[in-house]
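Sequence positions, counted from 1, serve as the residue numbers for this chain.
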Amino acid sequence: MTICNLYIFDKYGTLLYYGEWNRLKHSGITKDEEAKLMYGMLFSIKSFVSKISPMDPKAGFLHYKTNKYALNYLELPSGVKFVLNTDNTSTGIREFLQTIYNKLWVEYVVRNPLWTMGTPVTSDLFEAKLNEFVKQSPLYGSKII
């Protein structure tokens with residue numbers, strides 16, 4: 001199993017954090033342009049799921065899979081959105097994202113008096129703890145997409 005990259009957006013679509021681990025293929029556009037495309041796609045998919053789903057989509061959009069990768073999505077009541085791209089065989093991603101939120105995001109970003117909501121995260125401590133957590137996870141893997 002492999003973790004490729006992580007986007008964290010606020011409720012307005014501002015990219016708060018981007019992390020990359022096992023990603024070989026790049027889009028050829030800037031990180032900001034890629035983040036805008038990602039957020040726009042998420043907005044469209046969420047809208048599509050809420051309108052077209054034959055069942056009551058209480059949980060909403062959670063993930064999609066292709067033959068090469070999976071996009072995993074966690075939206076919190078505050079509107080913060082976590083998007084994690086992994087290989088398509090990864091499991092337990094929702095719990096993994098919940099742990100990132102509960103143990104890292106809240107502890108090292110939300111409780112940081114120097115961070116202002118709606119601004120990109122520049123905390124070296126958050127980044128170091130996130131890298132440590134990701135690399136120690138069985139999801140980190142060595143299979144590169």
Inset, instruction - Output yes when a side-chain donor or acceptor of Ser44 lies under 3.5 Å from a complementary backbone atom of Gly40, and no otherwise. - result: yes

Legend entry - Where at least one partner belongs to residues 119-139, residue pairs that pass salt bridge (Lys or Arg N to Asp or Glu O under 4.0 Å), sequence neighbours excluded: none

Legend entry - Atom OH of Tyr64 with >12 non-hydrogen neighbours under 6.0 angstrom: yes

Inset, instruction - Kindly work out whether a path of hydrophobic side-chain contacts (I/L/V/M/F/W/Y, heavy atoms less than 4.5 Å apart) joins Leu37 to Ile8. - result: no

Inset, instruction - Report the distance from atom CG of Leu62 to atom CD of Glu75, rounding to the nearest 0.5 Å. - result: 11.0 Å

Inset, instruction - Please report the closest heavy-atom contact between Asn112 and Tyr108, naming both atoms and the distance. - result: CB-O, 3.7 Å

Inset, instruction - Report the C-alpha distance between Leu71 and Leu42 in whole Å, list the side-chain angles of each, state the deciding distance to 0.1 Å, and finish with yes or no for side chain to side chain contact (heavy atoms under 4.5 Å, CB included). - result: CA-CA 10 Å; Leu71 180 141; Leu42 291 171; 4.0 Å; yes

Legend entry - Backbone N/O of Lys65 and side chain of Asn88: donor-acceptor pair under 3.5 Å: no

Inset, instruction - Show your working on side chain to side chain contact (heavy atoms under 4.5 Å, CB included) between Phe96 and Phe133 and close with a plain yes or no. - result: CA-CA 10 Å; Phe96 183 78; Phe133 178 73; 3.3 Å; yes

Legend entry - Heavy-atom pair with the smallest gap, counting every atom of Thr119 and Leu16: O-CD2, 3.4 Å

Legend entry - Check: Ser47 side chain, Phe43 main-chain N or O, donor-acceptor pair, under 3.5 Å: no

Legend entry - More than 12 heavy atoms from other groups under 6.0 Å of CE on Met117: no

Legend entry - Any side-chain donor near an acceptor of the partner, Asp32 and Thr30, under 3.5 Å: no

Inset, instruction - State plainly whether one hydrophobic cluster holds both Met38 and Ile29, where clusters connect Ile, Leu, Val, Met, Phe, Trp and Tyr through side-chain heavy atoms under 4.5 angstrom apart. - result: no

Legend entry - Pairwise side-chain contact, Thr122 with Leu114, heavy-atom cut-off 4.5 Å (strictly under): no

Inset, instruction - Any chance you could measure Glu34, atom CD, to Asn5, atom CG, to the nearest 0.5 Å? - result: 7.0 Å

Inset, instruction - Only counting residues at least two apart or in another chain, list the ones meeting side-chain contact (heavy atoms from CB on, under 4.5 Å) with Gln98. - result: Leu74, Asn102

Legend entry - Ring center gap for Tyr73 and Tyr7 short of 6.0 angstrom: no

Inset, instruction - Determine the minimum heavy-atom distance between Gly118 and Asp10, stating which atoms define it. - result: CA-OD2, 3.6 Å

Legend entry - Residue pair Lys11 / Lys81: nearest heavy atoms and the distance that separates them: CA-NZ, 3.6 Å

Inset, instruction - Please check if Leu76 and Tyr17 belong to a single hydrophobic cluster, counting links between Ile, Leu, Val, Met, Phe, Trp and Tyr side chain heavy atoms closer than 4.5 Å. - result: yes

Inset, instruction - Could you please spell out the steps behind the side chain to side chain contact (heavy atoms under 4.5 Å, CB included) verdict for Tyr69 and Cys4? - result: CA-CA 9 Å; Tyr69 74 99; Cys4 298; 5.8 Å; no

Legend entry - Residues forming a side chain to side chain donor-acceptor pair (under 3.5 Å) with Trp21, sequence neighbours excluded: Asn131

Legend entry - Ser123 (side chain) donor-acceptor with Phe126 (main chain) under 3.5 angstrom: yes

Legend entry - Arg111 side chain to Trp105 backbone, donor-acceptor under 3.5 Å: no

Legend entry - Side chain Asn72, main chain Leu84, donor-acceptor under 3.5 Å: yes

Legend entry - Rounded distance [0.5 Å steps], CG in Leu104 versus CG in Leu125: 9.5 Å

